[in-house]
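Take a look at the structure below.
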Amino acid sequence: MRNKTEPQTLGELLAASVALAKDPSAAGRWFLGSMAVLAASFAFVLYQLVAVGHASFNTSSDGVNWGMAISTYVFFALTSSGLTMIASLATVFGFKQFYPIAKRCIFLGIITLVAGFSVLALELGHPFRMLWTIPTGMQVMSPMFWMGVFYAIDLVLLIIKFWLMLKGDWDSPLSHQVGNAGFVAAILASGMLGLVFGSMAMRPMWYGSFASIYFILTAALSGAAAIIVTTYMAYDFDRKQMPAELKTLASSNQFTKVFAALIGITLVMIVTRFWTGLWSNMDGLEGFNMLLRDPLFHVEIWVGLVLPFFMMLSPNSGLNKTSQLVAAFLVLGAMFINRYEFVIGGQLVPMFKGNWTNSLIAYTPSAIEWALTVLGVAMALACYAYGEKVFDLSSTPSGKAAEPSGAVRAAG
Amino acid sequence: MAKWGMVIDLEKCTGCQACTTACSMENSRLPGEHWQDVIFYNEGEHPSAQMKWFPRPCMHCENPSCVAVCPTRATYKAEDGQVLVDWERCIGCKYCMIACPYGVRFYTEEKPAYGGPDAKRVFAADDGHSWSPPWKGPAEDWKHGVGVQPSDVVSKCTFCYHRVAKAPKGTADLDPQNPALREFTPACVVTCPPGARMFGDLSNPNSEIAKAIGNKNGVRLLDQLGNKPQVYYLTGEGGAVPANRSLPPKKA
Ligand code: SF4
Ligand code: SF4
């Protein structure tokens, strides 16, 4: 089912991006717009790094060591894993009704991971040095080492799977094996990212294998929210323009049920985490009290999760386009807050310290940290506009889907 | 193989910060970047509040979590028991800072810890160093984290590796009172006015520090976390090792 209009070689891919930038349509403007934001934020970050150095970050040795850049990375990396899991509903578990979103999921999985890695690399002191120090060190005791290994494997498998889909190969044994392996890699990668935090016995707000399970399950939720938003975006937020198979999926309650279940699981995980955190007298858990007093936390819970949960449960509004979209947007925002709250919150109780940090630590992201978040989002959006225009992301093995009419026009 | 360790007698410590200053001079530290610090904190509430102080270098743990988490092996345990950072391997990921239970690691590139001029700009370096302090010591060894460091790496107390590594093999105690050993003894130990610090080989049962730990009931900081520090505290009467992070109790 090879789509002749899709670029197959690197040269064609580059040519397509030039063509898209010149394209006077809304998609072209959208692409140009996000490229401009990307360029501006990248220029600002580079300027800060060169002129001020990493001192431009609001992190400090006796305070929060990992700031908003790390939580942005976690947000993107977990969204990517979640998208792979959603794609696996069709490609691994054989729920054929989810085929119309599988290819878009794989593509988004690639670009969100690349966006996450880019933010992480700009936060590191010596990003290029790790290319030789990690392989020559082989520090297998480090969860960060394994996180790198599994995410690298995950990225390679996603790219292979997408390339196979481009070739129209959805169902060969090779394609299935790549899909299966990719699913396992995404679980291991997100689980290992959880252990980067969960292994830290000295930071009880993170400690425990719970962190892994929490990351895996909540990854699925951010993946689900991301695919809902982007699928509607591809069709001008208009369900009528969707190809038949996709329209059927979007207007059936199959996906909303999955979505509602994932929100419910996430709510239970957050509430139980806070329950133990607030109830226990263990030294080092005091940060939970501070998080509970933070208005952002309540926005996350009530507006970002509870409200969408009930919207998706209600049989009337669950199938309604607007409520699906609103719910997905709210959940994506909630998950961004959630990653921030998790990463920063776990560092609020100072390690053994006196003098100047005798109470909980305060932290506000600096301009460069905000710029890195903007950079990640703009990068993902630019790549998305490109992918939506250049690849046939709604195609399925059973037939070529109709071309999306005006890729991301409304949003532009 | 020696297993270098330190004993700090809290009954003798006066909280004068001479160790902190000596360390900063010896190791060319930035203002506020205290590889060795004396931490002051309050315990209890009015009317029974007490002000306490507590000297705290890197513990050079037997089970160093900073070594286990470092994805590049930039942080490593040296043969003689010191935990060191190879500044030519460190990628500045700060995972070791997250994993150290004692908060004794420092990222080089940061806003000045104290207000006022940024010493790194005032004494800017024109080579690979992150700054060029006017009191730069002669010792420089980036593989062992000694001297003025490059940018964007993590630094920490080395137990004065550049001094201790030159001590005659088999030395049981590095006693600064002994003129022959003084130059091999860590700067904080040499400087301590009341002689509250001892430094020696923990694996040698005849060393004075091993005896002091045994006879005077040496204890380790936050021992429940399993890092097994190679720094021991003698509490005697009145001294105490904080068992928690010194935060005020939870308000119901
Ligand atoms: S005190 Fe911290 S930095 Fe020092 S060896 Fe132990 S874990 Fe590592
Ligand atoms: S900051 Fe450097 S020493 Fe610390 S864990 Fe990362 S690479 Fe290792």
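Just so we're on the same page: letters track the sequence lines, and every chain starts at 1. Note that the coordinates shown come from a computational prediction; the quantities given were computed from them, not determined experimentally.
- Residues of residues 60-73 of chain B lying under 4.5 angstrom from chain A, judged on non-hydrogen atoms, are B/Ser65, B/Val67, B/Ala68, B/Val69, B/Cys70, B/Pro71, B/Thr72, B/Arg73 in numerical order.
- Interface summary for chain B: among A/Thr133, A/Leu120, A/Val349, A/Val52, the most heavy-atom pairs under 4.5 angstrom belong to A/Thr133.
- Among residues two or more places apart in sequence or in another chain, the salt bridge (charged side-chain N to carboxylate O under 4.0 Å, His left out) test is passed with A/Arg203 by none.
- A donor atom on one side chain and an acceptor atom on the other are found under 3.5 Å apart for A/Ser81 and A/Tyr151.
- In this structure, chain B has a heavy atom under 4.5 Å from the side chain of A/Trp206, while its backbone stays farther away.
- With a threshold of 4.5 angstrom between heavy atoms, B/Tyr76 does not approach chain A through any atom at all.
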- [ ] In sequence, state the C-alpha distance, the side-chain angles, and the governing distance for B/Glu33 and B/Arg105, and then conclude on salt bridge (Lys or Arg N to Asp or Glu O under 4.0 Å).
- [x] CA-CA 9 Å; B/Glu33 200 190 42; B/Arg105 292 182 152 248; over 6 Å; no
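- Ranked by heavy-atom pairs shorter than 4.5 Å toward chain A, the options B/Glu109, B/Met97, B/Arg89 are led by B/Arg89.
- Neither the backbone nor the side chain of A/Phe128 comes within contact range of chain B, judged by heavy atoms closer than 4.5 Å.
- Each of B/Lys94, B/His34, B/Glu110, B/Lys156 was scored for a side chain to side chain donor-acceptor pair (under 3.5 Å) with A/Ser61, with one residue passing: B/Glu110.
- Side chain of B/Thr21 to main chain of B/Gln17: a donor-acceptor pair is present (N/O by atom type, distance under 3.5 Å, no hydrogens or angles).
- By the ring-ring contact (aromatic ring centres under 6.0 Å, His included) test, A/Phe336 pairs with A/Phe75, sequence neighbours left out.
- A/Trp66 and A/Thr59 form no side-chain donor-acceptor contact under 3.5 Å, judged by distance and modelled atom types alone.
- For A/Thr136, the parts sitting under 4.5 Å from any heavy atom of chain B are the backbone and the side chain alike.
- Looking at A/Leu195, only its backbone comes within 4.5 Å of chain B, counting heavy atoms on both sides.
- The parts of A/Met144 that come within reach of chain B are both its backbone and its side chain, each placing non-hydrogen atoms under 4.5 angstrom from that chain.
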List the atom pairs, with distances to 0.1 Å, where a side-chain N or O of residues 143-152 of chain B and a protein N or O form a donor-acceptor pair under 3.5 Å, not counting sequence neighbours.
| residue | atom | partner | partner atom | Å |
| --- | --- | --- | --- | --- |
| B/Lys143 | NZ | B/Asp86 | OD2 | 3.0 |
| B/Lys143 | NZ | B/Glu88 | OE1 | 3.4 |
| B/His144 | ND1 | B/Asp141 | OD1 | 3.2 |
| B/His144 | ND1 | B/Asp141 | OD2 | 2.7 |
| B/His144 | NE2 | B/Tyr161 | OH | 3.3 |
| B/Gln149 | OE1 | B/Arg29 | NH2 | 3.2 |
| B/Asp152 | OD1 | A/His54 | ND1 | 3.0 |
| B/Asp152 | OD1 | B/Tyr107 | OH | 3.0 |

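- Residue B/Ile98 touches chain A through both its backbone and its side chain, counting heavy-atom pairs closer than 4.5 Å.
- Without hydrogens or angle criteria, A/Tyr214 side chain to A/Arg273 main chain gives no donor-acceptor distance under 3.5 Å.
- Contacts with chain B were tallied for A/Gly53, A/Ala201, A/Pro143; A/Pro143 has the most, counting heavy-atom pairs under 4.5 Å.
- The choice from B/Gly92, B/Ala74, B/Pro112 that makes the most heavy-atom pairs within less than 4.5 Å of chain A is B/Gly92.
- Inspection of the B/Trp142 and B/Glu140 side chains reveals an N or O donor paired with an N or O acceptor under 3.5 Å.
- In this structure, CE in A/Met282 is found 11.5 Å from CG in B/Asn244, a value given to the nearest 0.5 Å.
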